[in-house]
Number of protein chains: 2
Amino acid sequence: MDIRDIAAKSGYGVGTVSRVINDQPNVSDRARERILAVMAELGYEPNSNARYLKMRSQTPVAVFVMGVGNRMFDDILGPLQAALAREDEQIVVTYLNGDVDEVRAAIDYQQARHPKGMVFLGGELESFRASFHEIETPSVLVTADASQLGFANLSSVTIDNVAAARSAVGHLLERGHRRIGIVGGNRASGQIGELRLRGAEQALREHGIELDYERDFEPCDFIEVGGYEATTCLLERTGDLTAVFALGDVVAFGALRAIVDRGLSVPGDISLIGFDDTAFSQYAVPRITTIRQDAARLAERAAKLLLSALRDGSPATHELVDFELVERESVCSL
Amino acid sequence: MDIRDIAAKSGYGVGTVSRVINDQPNVSDRARERILAVMAELGYEPNSNARYLKMRSQTPVAVFVMGVGNRMFDDILGPLQAALAREDEQIVVTYLNGDVDEVRAAIDYQQARHPKGMVFLGGELESFRASFHEIETPSVLVTADASQLGFANLSSVTIDNVAAARSAVGHLLERGHRRIGIVGGNRASGQIGELRLRGAEQALREHGIELDYERDFEPCDFIEVGGYEATTCLLERTGDLTAVFALGDVVAFGALRAIVDRGLSVPGDISLIGFDDTAFSQYAVPRITTIRQDAARLAERAAKLLLSALRDGSPATHELVDFELVERESVCSL
DNA sequence: ACGGGAATTGGAAACGTTTCCAAGAATGAA
DNA sequence: TTCATTCTTGGAAACGTTTCCAATTCCCGT
């Protein structure tokens, strides 16, 4: 079933049929109508490969999820796909975990396929960076801030991580906490952890406290088990913590378990604050106070940015979306 | 950069170059070597659109995720993508929530693109069924059992849901529970909920108890909020429950919260058992006893099945993988 | 009724592959 | 050495579109 079959059956030429398919001007209403009717009757569907071959623009948008197990990304993926689908854009997803070489290989692989666009989900700029210099495809980074990097085609949408972390720690400070431990992420520059740490540091400093990275910080991956182990470690190291700031909700979740396993209670003995507001933090026992980062909104803005780059060739933009501290039950006043 | 450029530069014809690219026989070692060298030198990458156009087999594998918010599927997606990627197969993901028309439209849309294969993630057979009769593409259903349906190209990989549910409820029964409430899923046939309910019913009957669906069962979607509301409802309706069986872990998570919100404790007042063993159930407070359904294994088997259908045209198969009851802290003996 | 510009139309060429067929080269048996 | 196989090779045709150019038709002002 061809465009030629449609042409033959409708009595028009292939050119005209193609124009109808692509909603182009210079087609009489009569022709359009007739052709549409024939297409419907025959159940014609254009062959996307032929189309892309000719148009030279290509395969679907490639999405990279950097950090398997971080629920935040799962929450973004759905809305992102939906938003793009509304504009007829497909996504091809690749799940990656930290390894730089693996990331590199995956990006190369997808690049070779000439995706029309790319989306990177992940806070760890570092893992991407090595591959970024060659990126000419319109791309958007979600969750990691690419504004420092000067790539012409690299947009990003993110919250102000520094400010958010500052408000989280500020929240703890206001409630009288002075000995605050931090778990999750790591200090390497360009990592999202670094930004959040910087925010925490600022808040602390405003209260005249200097963050002791050796003692009060324990890095870990953004997965439950990471949070569990890091928190255990932290708790063993210093006995006087009254609050823990987890740099991500999955981490907070592991942290909660670790605290309870040491026979302590949240927030009775230790207050806990998370980051992201993934679905389960409002169902956890106790409900976890956290920084709300709206996954749907992030996804939607990312789609918007990508789409406008795709359609009108809009230049890269770095967009900030709002965050919000949502108070629940895991923090108490001292 | 063409296959023709490679041909010209290497001194061979396009036919030979194509054979080299596709690892076909009847190419001399000398030719192969030379052509490979030229390809490497020029950084040649085949154009997949041209290739697929010609080969008529097409675009990537289409994956449908039926039930946004059910973490189980997020856990399957990663390993599935990884397994398929190892064989150079891309996946295009579409996220869907229940609506039959939406599902229908999405499947039609993807079908029109002639994916070489399809994977359906979701327990709700019903939503798919309307679209299934036209499926000619090799497909596999993960988590829902398609063995009743007789589609030639429709494989499935799943655990024995009936047996698993029976063992879950059996576990409760053995510990002395007699008044057991059930939340999650629904009774419509072909739904995964129905299978799990059937298992529960069997276990109950073995102990001479008849399941009263009106009183002791409350259906809901597989998301946290569903579990929360359904459980609240159930608890309000009957005051004498000593245990709740949640038909999915996300549901269990909402259930836990609902129970606690009524001032009851788990497992002190009410024992809770889940289904799936998604990551957070082992971190919840208390840790949730559940049926382990190995997401990675499910994904891997699904990939295997799909791949063999793709490569050798193997016929549809219905595969059962093992489940396991994992005892944690949310169930106590009466 | 006529001329001219705009709107519509048809069809050939091109996109980058794979595949098929025919031809040429190599091998081995007699 | 010769003939019959088998291996290797080149190149044309085809996959189903879009796009461009030229040709036709239409419409309107005079």
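Throughout, protein chains are lettered first and strands after them, A, B, ... in sequence-line order, and every chain is numbered starting at 1. None of the values given here were measured: they were computed from a predicted structure.
Under 4.0 Å is where a charged nitrogen must lie from a carboxylate oxygen, and between B/R104 and B/D101 no such pair does.
A sub-4.0 Å separation between OP1 or OP2 of C/dT9 and a side-chain N or O of A/T16 is absent. Between B/Q24 and the phosphate of D/dT8, there is no side-chain N or O to OP1/OP2 separation shorter than 4.0 Å. Put simply, A/Y52 has no side-chain N or O that comes within less than 4.0 Å of OP1 or OP2 on C/dT17. One finds no side-chain N or O of A/S28 lying less than 4.0 angstrom from the OP1 or OP2 phosphate oxygen of C/dT8. Proximity of B/N22 to the phosphate of C/dT18: a side-chain N or O atom is located under 4.0 Å from OP1 or OP2.
In this structure, A/N26 reaches the bases: a heavy-atom distance under 4.0 Å links it to at least one base atom across the strands shown. Contacts of A/S18 with the nucleic acid, taken as non-hydrogen atoms under 4.0 Å apart, include base atoms.
B/E102 CD: more than 12 foreign heavy atoms inside a 6.0 Å radius.
With sequence neighbours left out, the side chain to side chain contact (heavy atoms under 4.5 Å, CB included) criterion links A/T94 to A/F64, A/L96, A/A106, A/Q110, B/Q81.
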> Does the pair A/E319 and A/K304 meet the rule for a salt bridge (Lys or Arg N to Asp or Glu O under 4.0 Å), with working shown?
Replying inline: CA-CA 11 Å; A/E319 189 166 324; A/K304 181 88 189 286; over 6 Å; no
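For B/R19 and D/dG10, a side-chain-to-base donor-acceptor distance below 3.5 Å is present, hydrogens and geometry of angles not being considered.
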